[in-house]
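So that the names make sense, note that chain A is the first sequence line, chain B the second, and so on, each numbered from 1. Worth knowing before you read on, the calculation uses all heavy atoms, side chains too, and leaves out hydrogens, waters and symmetry mates. Model, not experiment: these values are computed from the prediction.
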Protein chains: 2
Amino acid sequence: MTSNSPHTASSRGPIRVLLADDHELVRDGIRARLQKVSELEVVGEATNGREAVRMTRNLKPDVLLMDVSMPIMNGLEAAMEIRKTQPGVAVLILSVYDNPEYVRGVVQAGARGYILKDISAQEMITAITSVASGGYFFSSAIGPTLVGASASAPVEDPYGLTERERQVLTAIAKGQPNKEVAAALGISVRTVESHRLNLREKVGSRNAAQLYRVAQELGLLD
Amino acid sequence: MTSNSPHTASSRGPIRVLLADDHELVRDGIRARLQKVSELEVVGEATNGREAVRMTRNLKPDVLLMDVSMPIMNGLEAAMEIRKTQPGVAVLILSVYDNPEYVRGVVQAGARGYILKDISAQEMITAITSVASGGYFFSSAIGPTLVGASASAPVEDPYGLTERERQVLTAIAKGQPNKEVAAALGISVRTVESHRLNLREKVGSRNAAQLYRVAQELGLLD
DNA sequence: CATATTCTCAGTAGTACTACCGAGATTTTC
DNA sequence: GAAAATCTCGGTAGTACTACTGAGAATATG
């Protein structure tokens, strides 16, 4: 419950924002957006990671809104540096990639949020307010990533398994030997073995050890 | 980038909030907090999960601010139900637990945020605004959890496995039969069998099928 | 230095799984 | 209504895994 002096609008006036992006056009666009809101104040602009770190030290903004890809020092490296030296500054990462891998890396680097560049003005303002007041913010598009895939998409079956095969696979993944699977499904052990053989062929695994992976991949567990 | 009609303050007036908590005291407290802000409107109060689901259907709030622990139907079950029937409603979970396990479960259940009950009024308002405008919000205290163990925390080993056992387990999880594991590690097949036996004992699984799960749990794969 | 742990390996036996073959019954598909 | 797919089950054989006991060597641990 240790909150690093979260920003409260009433206590300190406007939220001070430092922008970091190597494209002037993008910076201008963001600045134009944020200027419309009185609670936000853009206190500076950096064009690369190193500059962002230095300016953060001098300007002490509440929020650093920073692009991931920048010359000299990228957003992730800068975020790590800032976490170590200026932990009170909330870093909000701006990116064009909705790649799942990125999000994890960004949070690990110490960022407090991750938003995509196609975000609306309203959402961007909300995101800045969120991280300034001590929270974590993520664009809705990358939300499912937080859980680790499998959430929203019902998972396509790339193996073409039949209903019965999925039942057998589920039981196997739970660790049940053929005898128990047979009893549970009311069929012969030999039939279970048949299914097992077909399963291995379809998913391309040599033995039972890997069937768990597939079962999980198909979302048969939970 | 499919956003389920995110709330924009300018377009639809105040954010409509439905409260769900079995303690009247807590509801009163939240209501008192939110009433101070003109952009928020509490449209109803539910005292359990089932009621929350029903009221959500009728009142169609923008945000459902809901406790996890409630009688009849808890917050997680309610969240899952709402995701299926009312995906447009952003569920924000309120909890006293900062348990890492909970957060994942909550997001998997379809919630758009997780805040602790010791949160400040300012933060709570920000959180509601965040999820209403299409984002995900998490209290700062539970932020590190989002990364998912494996990174920041070196993953506690609840089974007390030795280094060698982890090596064997990793190979087994990849689907290698004992003979190959033995060859890879330069030891006898019998030794691998010993490790295998010890592994099953330590992690409590009957056969190889479940060892994959453990390997993954310990982050031995990636 | 005694003790404990880990890693190593073996014997024996039983159970489970894998790899083929074939085949009847039922349902779905064209 | 024929063809294809699915689900069912059996034989035979070989390989892999499980269970239990025992034990030597190297490495911590106290």
Side-chain angles (χ1 to χ4, degrees), chain A residues 154-222, chain B residues 150 153-222:
Chain A
V155 182
E156 281 302 314
D157 178 356
Y159 306 111
L161 303 186
T162 66
E163 180 58 30
R164 201 55 158 172
E165 283 167 348
R166 270 192 293 273
Q167 289 174 10
V168 174
L169 177 55
T170 304
I172 291 173
K174 284 194 287 188
Q176 295 181 9
N178 287 343
K179 197 192 291 183
E180 287 185 24
V181 178
L185 296 178
I187 56 180
S188 158
V189 173
R190 304 313 303 278
T191 305
V192 178
E193 287 177 350
S194 286
H195 286 309
R196 206 168 186 136
L197 178 65
N198 294 331
L199 277 168
R200 280 202 314 281
E201 266 182 11
K202 285 187 178 178
V203 308
S205 78
R206 285 185 297 176
N207 52 41
Q210 296 209 290
L211 288 179
Y212 185 95
R213 193 199 85 242
V214 178
Q216 184 183 256
E217 193 178 316
L218 297 179
L220 297 177
L221 303 174
D222 299 59
Chain B
S150 65
V155 180
E156 279 305 311
D157 178 355
Y159 306 111
L161 301 186
T162 66
E163 180 58 29
R164 201 55 159 173
E165 284 167 347
R166 270 192 292 275
Q167 289 174 9
V168 174
L169 176 55
T170 304
I172 291 173
K174 285 194 286 186
Q176 295 181 8
N178 286 345
K179 195 192 294 183
E180 286 183 25
V181 178
L185 296 178
I187 55 181
S188 158
V189 173
R190 304 312 303 277
T191 304
V192 178
E193 286 177 351
S194 285
H195 286 309
R196 205 169 187 135
L197 176 66
N198 294 331
L199 277 169
R200 280 201 314 280
E201 265 182 11
K202 284 186 178 178
V203 307
S205 79
R206 287 185 296 176
N207 50 42
Q210 296 210 289
L211 288 179
Y212 186 95
R213 193 199 86 244
V214 179
Q216 184 182 259
E217 191 178 316
L218 297 179
L220 298 177
L221 302 174
D222 301 58

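- Using a 4.0 Å cut-off between a side-chain N of Lys or Arg and a carboxylate O of Asp or Glu, B:E180 and B:K174 do not qualify as a salt bridge.
- Non-hydrogen atoms lying under 4.0 Å from DNA chain D are contributed by B:P177, all within residues 168-177 of chain B.
- At C:dA19, one or more side-chain N or O atoms of A:R200 fall inside 4.0 Å of OP1 or OP2 (strictly under the cut-off).
- With the end axes of the helix from C:dC1-D:dG30 to C:dC30-D:dG1 each set by five pairs, the angle from one to the other reads 70° at 10° resolution.
- Distances shorter than 4.0 Å separate some side-chain N or O of A:N178 from OP1 or OP2 on C:dC17.
- When all heavy atoms are compared, the tightest approach of A:A173 to A:A215 is CB-CB, 3.5 Å.
- The nearest whole Å value for the distance from the CG atom in B:L199 to the P atom in D:dA19 is 13 Å.
- Side-chain atoms of B:Q167 and B:R164 include a donor-acceptor pair closer than 3.5 Å.
- Rounding to the nearest 0.5 angstrom, the gap separating the OG atom in B:S205 from the OH atom in A:Y212 is 11.0 Å.
- When side chains are defined from C-beta on, A:L185 does not count as touching A:V192, because their heavy atoms never get closer than 4.5 Å.
- Looking at residues two or more places apart in sequence or on another chain, you find a side-chain contact (heavy atoms from CB on, under 4.5 Å) between A:K202 and A:L161, A:T162, A:E165.
- Rounding to the nearest 0.5 Å gives a distance of 9.5 Å between CD1 of B:I172 and NE2 of B:H195.
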- Check against side-chain contact (heavy atoms from CB on, under 4.5 Å), B:V168 and B:N198: CA-CA 11 Å; B:V168 174; B:N198 294 331; over 6 Å; no

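- The nearest pair of heavy atoms linking A:P177 to B:N207 is N-ND2, 4.2 Å.
- Side-chain atoms of A:L169 and A:L218, non-hydrogen and from C-beta on, do get closer than 4.5 Å to each other.
- If you take CD on A:Q210 and CG on A:L199, they are separated by 13.5 Å, rounding to the nearest 0.5 Å.
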Pairs: protein N or O with nucleotides 26-30 of chain D N or O, under 3.5 Å:
none

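- Note that CZ of B:R166 and CD of B:E163 are 5.0 Å apart. Values are rounded to the nearest 0.5 Å.
- A salt bridge does not link B:R196 to B:E193: none of the charged nitrogens lies less than 4.0 Å from a carboxylate oxygen.
- Minimum heavy-atom separation, A:Y159 to A:V214: CE1-CG1, 3.7 Å.
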- Take nucleotides 4-14 of chain C nucleotide by nucleotide from the 5' end and write B, S or -, depending on whether a protein heavy atom sits under 4.0 Å from the base, only from the sugar-phosphate, or from neither. --SSBBSBB--

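- Between B:A209 and A:G175, the shortest heavy-atom contact is CB-CA, 4.4 Å.
- Rounded to whole Å, the distance from CG on B:L197 to P on D:dT18 is 9 Å.
- Near DNA chain C, meaning a heavy atom under 4.0 Å from it, residues 203-213 of chain A has A:R206, A:N207, A:A208 in order of number.
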